[in-house]
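To start, the structure under review is shown below, and the notes come after it.
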Amino acid sequence: MRTMLMMNPVCLKFVQAIFMVCLVLQVNLFFAKEVDLVPSKVVRCVEREREALLQFKGGLVDKYGMMSSWKSADCCQWKGIRCSKLTGHILMLDLHGESLMISSMESSMNQSHNFISAKIYLGGYGSSLKIDDGNHARGQWLSNLTSLIHLHLVGISNLNSSYSWMQMIGKLPKLRELNLIKCGLSDHFIHSPSPSRFNSSSSLSVIDLSQNTFTSSIIFQWVSNISSNLVELDLSENLLEDSPSNHFGIAMNSLEKLDLSGNSLKGGVVKSFMNICTLRSLDLSENNFTEDLPSILHNLSSGCVVYSLQELNLGYNQITGLLPDLSIFSSLKTLDLSSNRLSGKIPEGSILPSQLESLSISSNSLEGGVPKSFGNACSLSSLDLSINNLSEELPMIIHQLSGCARYSLQKLGLSTNQINGTLPNFSIFSSLKELYLDENRLNGKIREDIRFPIDLETLDIHSNALEGVITESHFANMSKLMSLTLSDNSLVVAFSQNWVPSFQLREIWLRSCKLGPTFPKWLQTQNYIANLDISNCGISDVVPEWFWAKIASPDLATMNISYNNLKGVIPNVPVNNTPSSLNLASNQFEGPIPPFLRDSVSLDLSENKFSDSRWFLCANNGSTETLAQLDLSSNQLSGKIPHCWSYFKSLVHLDLSHNNFSGKIPSSMGSLLELEALLLRNNSLTEGIPFSLRSCTKLVMLDVAENRLSRPIPSWIGSKFQELQILSLRRNHFCGSLPLQLCYLKSIQLLDLSLNNLSGQIPKCFKNFTSMAQKTSSGHYLYYNIETNHEFNSMPYSLNAILTWKGSEQMFKNNGSFLLKSIDLSSNHFSEEIPIEIVNLFDLVSLNLSGNNLTGEIPSNIGRLTSLEFLDLSRNQISGSIPSSLARIDRLTMLDLSHNHLSGEIPISTQLQSFDASSYEDNLDLCGKPLDKLCNIEAEPPKEPIVKSEDEDEDLLVSRGFYVSMAFGFVIGFWGIFGSILVSRSLRHAYFRLLKQFN
């Protein structure tokens, strides 16, 4: 009584609310089972139950307002409430969501035993829910729910310190399942007083403590102490490193399922489980096993578990060695060894267990082929050997599997190997449903008589070197086929125009197959397409109207018809659904862009002949909440960019480059708060970058190159765009000095300000470009994703940057690899010295400062730029010698120091002498290879003075006077005669008559 008096009002109300809900659910579920009637009038909720729900709400911390709708008079209309249509009593409380989940608090009555069962679900992944317990009586309400059998708590962030709750949980007498997932529980929880208050329960059979932060193996001892009849234990995604004691294996005499995946356990841990004779499922994936597979399996098979184990998952470790004989595991049905380091050929002696149904050895380094013993596994239904180095011919592999496994095999995965040979006949595999042969080295023509199993649902042979003609006869009677992938081969798909397939495909991937020149009419018969790719298929035709109507299909998620020669005007089809990803790029579509396309998530209309975007951008139906990626580049769009960007709140990637837009950049682009990439390159845009754009603080890429933009570069680009990685203002009319705020761009990787009218000094604070100063590891990747509300959740996109590289513009694509790191300030009016701080940008790959008025010397420590591949300092006023440290940059493939005032010898190295002489030309005082001008490194030895006699001096003077006199006389005589002839006409005629007489 004293304890109850000390409870605060919130807890008292909370307890009352829980009892009310449980009682209501008991009564109402009873009536729901007994009576199945639909009332003739609307039934409202019971007022006392409404009050109980409000008290229940008051006992929770709902930070994001998931229960904000709980205000109206009729609680049956509240979010997550389900009422009886007969009585109006509450049947279910379901508040699952992104930030809070309280679902399915149920009661049911067993009429014979008057047994009440209850399940409580609190929290959720990403939950903001916390327990509101203000005094020592917190959690008291739980201990009063004596019929509770299932308690499921997810994401309760303060549970680790809520000792009273844990004590009350430990006193629940009928609890069967206890799930405390992602509740921040740690070793502190084990050592606190609360675990000791847990009663040893004979009813508790399932414990899930996954996604917490346990590190000590004591958790195993604690679990074994609180329940003697535990059937399932989940400790996945913790931080466990040490193996449990042998006591755990002895105590767990009822355990059937154990999940320890996502920890840091070693291979020796399997010894702790070898004597759990009831264990059927063991998941040890995503740990730190580095031992060889035969040793691990030997340790596991040394006890009675070898006879009970049915599922074993050792995937995603670093297990080495060969595949041993597995037949000792007599009950094993599922074995996953994927994503390890197994190598070598699979031995012929690798016998599979007779009951094995599923074997996955994908993502290893296996070689050779498939042993015949695999084909003799008569229960095998799934075999996945994808992503290895298998190199045997496919007909031989199929022959090896043609034992009794040909009747049981339903899935065969051989993709991403080096398997060669032609495509054999698969009709002998009578049960096969999934066949994956993609990304191999299959070649040759597909014969006309090849047949596939009639029950096949998925066929994937993309990315091989197969040739020949695919006809409808290859798919005769295959009515269950749902996925067909033939992309990236040299195949001709020659289905007749009037063919009506027996199948209904959901997946059609025919990229780079020959389908054209006419549009494939058989697609009209396919009514449930989810993904369609007929890009680069040689289709040169007008798209029929029935095809545009298919866009309205609610099943269609992605459609790619790019890189064909499709023509005509796209009609504005009235649809309620458009694919999330729609790619019409690189065709000949023309006219206005229809508005119905704007409901996609990703829309690529680039490289067409569209001439009007206003209808599309400024449609009467207003804003779109879905469009995230829009590419209208390389069309014939002209005039001012429409001022309608406030309609596109979700836009992440926008590309309007390579059009004929003119005028100002519209200020409404500043409303694109989610924008990460803005490309306006190669238009005729004028004035400056609008001030409103400073609101787009998520920008990763800004490319306004090759326009007519002017004015100084805004300083807020550096202060507001903290995530910016690519900034290209190339070939505009920007003027003034560089704002120092540009140095705030710590993530910048490509900075191109070339071909402008910029002046002043290059800022020393460029050293703050952290991304260029830090070495990028080879395993570092940059991914760009569009978060969506669609079933795909996110869609990747790439950043494609154009850079002047080795004298020409080249496209650098980022598809997950690290981006080229470059600074280009060429063809401006920068002056003064190159800042020595620039040598701290250790990961810089390209530096172009050519065509400026830079003076001073090349920084002596420039050799610290060891990642540099491109260096252009030409056409400046740089003086001094070439630093010897430059020779240490062994990656340098392009160097231009011409047209400066450099002097001295070119440092001798294999690297610097490998460049053409043009890299050093027009430096008058520069010498050494590869220039023709050699350096006088050593002074000539002094010569002994020559003493001459007076006679020799006289002879020298006579000789000199003689030659001077002779030359003088020759000139006088020559001009005396021939000069007279030139001047006197009579003498000239006399001279020519004389010559004529001699002839």
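- Leu738 CG to Ser715 OG: the interatomic distance, rounded to the nearest 0.5 Å, is 12.0 Å.
- For the ring pair (Phe, Tyr, Trp, His ring centres under 6.0 Å) test, residues two or more places apart in sequence or in another chain that qualify with Trp645 are Phe648.
- Side chains of Leu532 and Leu505 form no contact here, defined as non-hydrogen atoms less than 4.5 Å apart.
- Between Ile570 and Pro594, the closest heavy-atom pair is CG2-CG, 3.6 Å.
- Proximity of Phe596 to Thr578: side-chain heavy atoms (C-beta onward) are separated by under 4.5 Å at one or more points.
- Nearest approach of Ser684 to Asn707, heavy atoms of both residues: N-OD1, 3.3 Å.
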Before you tell me yes or no, could you show the steps for Ile823 and Leu844 under side-chain contact (heavy atoms from CB on, under 4.5 Å), namely the whole-Å CA-CA distance, both residues' side-chain angles and the distance that decides it to 0.1 Å?
CA-CA 8 Å; Ile823 295 178; Leu844 192 64; 3.9 Å; yes
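- Using a distance-only test at 3.5 Å, with no hydrogens or angles considered, a donor-acceptor pair links the side chain of Ser600 to the main chain of Pro579.
- Among Asn531, Thr485, Thr458, the one residue that satisfies the side-chain hydrogen bond (donor to acceptor under 3.5 Å, both in side chains) test with Glu507 is Asn531.
- Qualifying side-chain hydrogen bond (donor to acceptor under 3.5 Å, both in side chains) partners for Tyr436, counting only residues two or more places apart in sequence or in other chains: Glu434.
- Asn536 places no side-chain N or O within 3.5 Å of a backbone atom of Gly538 that could act as its donor or acceptor partner.
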List the steps, then state whether salt bridge (charged side-chain N to carboxylate O under 4.0 Å, His left out) holds for Glu706 with Arg731.
CA-CA 5 Å; Glu706 299 178 34; Arg731 201 181 291 275; 5.1 Å; no
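- Partners of Ser236 according to the side-chain hydrogen bond (donor to acceptor under 3.5 Å, both in side chains) rule, which considers only residues two or more places apart in sequence or in another chain, are Asp234.
- Looking only at side-chain heavy atoms (C-beta outward), Ser580 and Thr626 stay at 4.5 Å or farther from each other.
- Listed for the Asn489 side chain is a donor-acceptor partner under 3.5 Å among the backbone atoms of Ser487.
- Side-chain contact between Ile717 and Leu727: present, with at least one pair of heavy atoms (C-beta onward) separated by less than 4.5 Å.
- In terms of modelled atom types and a separation under 3.5 Å, the side chain of Asp541 and the main chain of Ile539 share no donor-acceptor contact.
- Here Ile387 contributes atom CD1 and Ser415 contributes atom OG; the two are 6.0 Å apart, rounded to the nearest 0.5 Å.
- For Arg506, the salt bridge (Lys or Arg N to Asp or Glu O under 4.0 Å) partners are Asp555, not counting sequence neighbours.
- If you take CZ on Phe691 and OG on Ser667, they are separated by 12.0 Å, rounding to the nearest 0.5 Å.
- In summary, the side chains of His643 and Ser668 do present a donor paired with an acceptor at a separation below 3.5 Å, with no hydrogens or angles considered.
- In this structure, the side chains of Arg711 and Glu687 come closer than 4.5 Å at one or more pairs of heavy atoms.
- Ser867 contributes atom OG, which lies 8.0 Å from atom NZ of Lys821 (distance to the nearest 0.5 angstrom).
- With 3.5 Å as the limit, one finds a donor-acceptor pair spanning the side chains of Ser602 and Gln629.
- Taking all atoms of both residues into account, the shortest heavy-atom contact from Asp824 to Arg730 is OD2-NH1, 4.3 Å.
- Going from atom CG of Asn683 over to atom OG of Ser657 covers 7.5 Å, rounded to the nearest 0.5 Å.
- To the nearest 0.5 Å, atoms CG (Leu654) and CG (Leu680) are separated by 6.5 Å.
- Checking side-chain atoms of Asn756 against main-chain N and O of Leu729 turns up a donor-acceptor pair under 3.5 Å.
- For Phe519, the CZ atom sits in a packed shell: over 12 heavy atoms of surrounding residues, nucleotides or ligands are nearer than 6.0 Å.
- Nearest heavy-atom pair, Phe842 versus Ala773, reported as atom, atom and distance to 0.1 Å: CD1-O, 3.3 Å.
- With sequence neighbours excluded, the residues forming a side-chain hydrogen bond (donor to acceptor under 3.5 Å, both in side chains) with Asn840 are Arg864, listed by chain and number.
- In this structure a side-chain-to-backbone donor-acceptor pair under 3.5 Å is present from Gln504 to Asn527.
- No side-chain heavy atom of Leu651 sits under 4.5 Å from any side-chain heavy atom of His653.
- The salt bridge (Lys or Arg N to Asp or Glu O under 4.0 Å) check on Lys698 picks up Glu674, with sequence neighbours excluded.
- The backbone N or O of Asp604 lies less than 3.5 Å from no partner atom in the side chain of Asp631, so there is not a single donor-acceptor pair.
- Heavy-atom neighbours of Tyr744 OH from other residues, nucleotides or ligands within 6.0 Å: at or below the threshold of 12.
- In this structure, Glu723 has no salt bridge (Lys or Arg N to Asp or Glu O under 4.0 Å) partners at least two apart in sequence or on a different chain.
- Residue pairs meeting the disulfide bond (SG atoms under 2.5 Å apart) criterion with at least one partner in residues 543-578, sequence neighbours excluded, do not occur; the list is empty.
- With hydrogens and angles disregarded, a donor-acceptor distance shorter than 3.5 Å links the side chain of Thr770 to the backbone of Asn768.
- Scored by the ring pair (Phe, Tyr, Trp, His ring centres under 6.0 Å) test, Phe610 finds no partners at all (sequence neighbours excluded).
- No donor-acceptor pair under 3.5 Å is formed between the side chain of Lys567 and the backbone N or O of Ser540.
- The two residues Leu755 and Asn828 make their nearest non-hydrogen contact at N-ND2, 3.8 Å.
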With a 3.5 Å cut-off and sequence neighbours excluded, list the donor-acceptor pairs that the side chains of residues 584-593 form with protein atoms.
unit_1	atom_1	unit_2	atom_2	d
Ser586	OG	Glu607	OE1	3.3
Asn587	OD1	Asn564	N	3.3
Asn587	OD1	Asn565	N	3.4
Asn587	OD1	Leu566	N	3.0
Asn587	ND2	Ile561	O	3.1
Asn587	ND2	Leu584	O	3.1
Asn587	ND2	Ala585	O	3.1
Gln588	OE1	Lys609	NZ	3.0

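- Salt bridge present: Arg511 and Asp488 bring a charged side-chain N and a carboxylate O closer than 4.0 Å.
- Not a single ring pair (Phe, Tyr, Trp, His ring centres under 6.0 Å) links Phe734 to another residue, sequence neighbours left out.
- Using modelled atom types, one finds a donor on one side chain and an acceptor on the other under 3.5 Å when comparing Asp460 with His462.
- Two residues are said to be in side-chain contact when any heavy atoms from C-beta on lie closer than 4.5 Å; Leu685 and Leu656 fail this criterion.
- Residues Ile726 and Leu750 are in side-chain contact: their nearest non-hydrogen atoms beyond the backbone lie under 4.5 Å apart.
- The disulfide bond (SG atoms under 2.5 Å apart) contacts involving residues 631-748 comprise Cys618-Cys644, Cys743-Cys765, where partners must be two or more places apart or lie in separate chains.
- Closest approach of Leu841 and Phe769 over heavy atoms only: CD2-O, 3.9 Å.
- Side-chain atoms of Asn583 do not come within 3.5 Å of backbone N or O of Leu603 as any donor-acceptor pair.
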